[in-house]
Amino acid sequence: MKRRIQCAVRLMGLALGGLTACQPVQAPVPTTAPTTEPTAGRRLFAPDPRPQYPVPYRRVTAEQIAQTLEHLRQRLDGPIGGVADARPTETTAPVGMSPSLATVSYPWGVVYSGMLAAADATGDKAFADFDAKRFQTMADELAKVDPDAPGNKTGSLRRLLNPRSLDDCGAIGASFVQARQENVGPDMKPVIDRFADYISNGQFRLKDGTLARKNPFPDSIWGDDMYMSVSFLSQMGALTGDQKYFDDACQQVIGIGSRLWIPSTELFTHAENAGNPDDHPRYFWGRANGWCMVAMADLLQVLPEDHPQRATVLKMFRAEAQGLASVQSGWGLWHQMLDRPDSYLESSCTAMFTFAIARGVNRGWLDASAYGPVAMAGWNGLSSRISDDGHITGTCIGTSYADDYIYYYARPATDDLHGYGATLLAGSEMIRLLKNDRFKIEISDRTPCVFTIRK
């Protein structure tokens, strides 16, 4: 009889082991086998083990995010050259050049917009002062030169005096316009007007008016350019009230989207050779999709409700949000190649998606119950990449248009400037989300994140 009981206990132990092996996290091995005879006050099975999350699974506070943003500000306010950039010569100031003029590039333009967003979300003037100080140095240097002099078409002031691409003027121009609206720093109107003229009249376009590049193919459409044009045009529409800027911004979203949007994936391919659009591979690079999402979020923020193209832009924004939610990883971050889980988890696109989705929830463009948890997971994943001294790891360096996966997979992921502006934007919008009285947010290590609308 005793031998039969021992055998039964062994078999039950094997059965329980098989059950726990099917769970996502391996349960601890029990030190004693559970009894075969339940009695009052005793459990047949051990309590469920606590989930082992790869990143914090919690409701972060607005104060915690504000502290993280302050760490980023302090980090960027340090010596020039401490953060990597796609263009190393822009992160260190040449002899005789003001350090602030080393920060005239599109990644810095996103940082400036992020600082303004952080100032608004936190109420801390130090973020706006970050921009004001650098813009004042730029204005002081510009005041010393003749903008039409041939010698000023090159060198440290060249982008401010003679933009030659959307990268030169779109992102930093958007921050100049926003700063002017908010009375931060000097009035950069002469530079703003120069940028507006270039984007409207100087940049190469296809016959239908869609902005394009002549590299690497004569008619190249880049997803990146949705942000490099639309965010500036959106801000110009808000600043001037001129309908033409809103019309052009919508035209770029629709024109670029009609070529790069892949309905079956609900994602944008990185780029296209418009000269051969029907025979082209597709590469769903994370940051290209991030540029598109941020551009549409910026446009929808200021586009008049009665604009004839608003519904089209909003439909595309919602469709991509759905596609992105479907490929978010179990770490809350997104992959370098969105549809390729074997590519690395990347920080800058995660920040961009978190920002855009959080804004969509805040503004009512996206359903809070469906997308609030996506934004929360995005921030929790992203925050695991940020150190206490303001370093962000895992950001892809500057990346060109390519037609092979080896190139995209091998792009180094490091402490790169492309991650900072996007993270400032994401944190600022998450602060607004957490302070939004419309939502009740519940989350614990045993229960899922739930957003409900307060009645």
Side-chain angles (χ1 to χ4, degrees), residues 104-106 108-110 112-113 116 135 138-139 142 147-148 152-153 157-182 187-215 218-260 271-272 274 288 291-292 294-304 306-310 312-313 316:
V104 180
S105 67
Y106 76 81
W108 279 106
V110 184
Y112 299 142
S113 292
L116 293 172
F135 293 175
M138 296 176 198
L142 287 169
D148 297 320
N152 292 323
K153 299 300 183 181
L157 296 174
R158 198 271 302 164
R159 286 191 180 90
L160 300 177
L161 294 170
N162 183 31
R164 299 173 185 169
S165 69
L166 294 174
D167 285 356
D168 282 352
C169 58
I172 196 168
S175 69
F176 288 163
V177 178
Q178 186 178 353
R180 188 166 190 255
Q181 290 176 291
E182 299 176 10
D187 188 352
M188 301 295 286
K189 186 176 185 301
V191 179
I192 291 170
D193 290 345
R194 192 175 298 123
F195 287 175
D197 180 66
Y198 176 80
I199 292 175
S200 296
N201 305 305
Q203 174 67 27
F204 171 64
R205 295 178 182 238
L206 301 182
K207 291 181 179 179
D208 67 354
T210 302
L211 291 161
R213 306 191 191 196
K214 295 185 177 181
N215 65 290
D219 298 327
S220 298
I221 305 294
W222 292 46
D224 315 44
D225 289 341
M226 191 182 292
Y227 179 83
M228 303 302 165
S229 60
V230 170
S231 290
F232 177 83
L233 293 167
S234 302
Q235 294 292 340
M236 285 298 292
L239 175 69
T240 66
D242 193 330
Q243 179 82 6
K244 72 177 183 181
Y245 292 113
F246 290 132
D247 292 345
D248 197 9
C250 291
Q251 180 180 10
Q252 299 317 312
V253 170
I254 295 168
I256 294 172
S258 68
R259 294 170 170 88
L260 303 186
E272 179 189 86
W291 290 127
C292 293
V294 174
M296 289 188 286
D298 283 352
L299 176 56
L300 289 168
Q301 176 86 350
V302 296
L303 187 65
D306 61 352
H307 192 279
Q309 299 298 342
R310 183 177 177 86
T312 302
V313 175
M316 185 172 291

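Only a predicted model underlies this, so the values are computations on that prediction, with no experimental measurement involved.
The two residues L299 and A249 have their closest heavy-atom pair at CD1-CB, 3.8 Å. Of all the heavy atoms in A238 and F246, the pair that sits closest is N-CZ, 3.6 Å. Among all heavy-atom pairs drawn from E272 and L260, the shortest one is CB-CD2, 3.5 Å. The shortest heavy-atom contact between I199 and C169 is CG1-SG, 3.8 Å.
Side-chain contact check for R158 versus R164: some heavy-atom pair is nearer than 4.5 Å. Residues L206 and I221 have side chains in contact (heavy-atom distance under 4.5 Å, counting atoms from C-beta outward). In this structure, the side chains of I172 and Y112 come closer than 4.5 Å at one or more pairs of heavy atoms. Inter-residue side-chain proximity for S175 and F135 is flagged as met; some heavy-atom pair is nearer than 4.5 Å. Looking only at side-chain heavy atoms (C-beta outward), V230 and D298 stay at 4.5 Å or farther from each other. C250 has its side chain within reach of V313: a pair of non-hydrogen atoms, C-beta onward, lies under 4.5 Å apart. Contact annotation: the side chain of S234 never approaches that of Q301 to less than 4.5 Å [non-hydrogen atoms, C-beta and beyond].
Side chains of S165 and D167: no donor on one and acceptor on the other come within 3.5 Å. For the residue pair Q251 / D247, no side-chain donor-acceptor distance below 3.5 Å is found, with atom types taken as modelled.
S231 OG to M296 CE: the interatomic distance, rounded to the nearest 0.5 Å, is 11.0 Å. Distance check: I192 CD1 to D187 CG gives 6.5 Å after rounding to the nearest 0.5 Å. With rounding to the nearest 0.5 angstrom, the CH2 atom of W222 is 11.0 Å from the CG atom of L166. In this structure, CE on M236 lies 6.0 Å from CG on D193, to the nearest 0.5 angstrom. Distance check: Q181 CD to T240 OG1 gives 9.0 Å after rounding to the nearest 0.5 Å. Atom OH of Y106 is separated from atom CH2 of W291 by 6.0 Å, given to the nearest 0.5 angstrom.
At distances below 3.5 Å, not a single donor-acceptor pair connects side-chain atoms of R194 with backbone N or O atoms of N162. A donor-acceptor contact shorter than 3.5 Å links the side chain of Q252 to the backbone of L211. Of the possible polar contacts, one joining the Q203 side chain to the A212 backbone as a donor-acceptor pair under 3.5 Å is found. A distance-only check finds a donor-acceptor pair linking the side chain of S258 to the backbone of G255 [under 3.5 Å]. The closest donor-acceptor contact from the side chain of R310 to the backbone of L303 lies under 3.5 Å. Put simply, the side chain of S220 gets close to the backbone of N215: a donor and an acceptor are under 3.5 Å apart.
Using a 4.0 Å cut-off between charged side-chain N and carboxylate O, D248 and K244 make no salt bridge.
Among the candidates D224, D219, D225, the single residue satisfying the side chain to side chain donor-acceptor pair (under 3.5 Å) test with R213 is D225.
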Worked check of side-chain contact (heavy atoms from CB on, under 4.5 Å) between Y227 and V110: CA-CA 10 Å; Y227 179 83; V110 184; 4.0 Å; yes
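Ring geometry, F195 versus F176: the interplanar angle falls under 30°, so the pair is classed parallel (tilted spans 30 to 60°).
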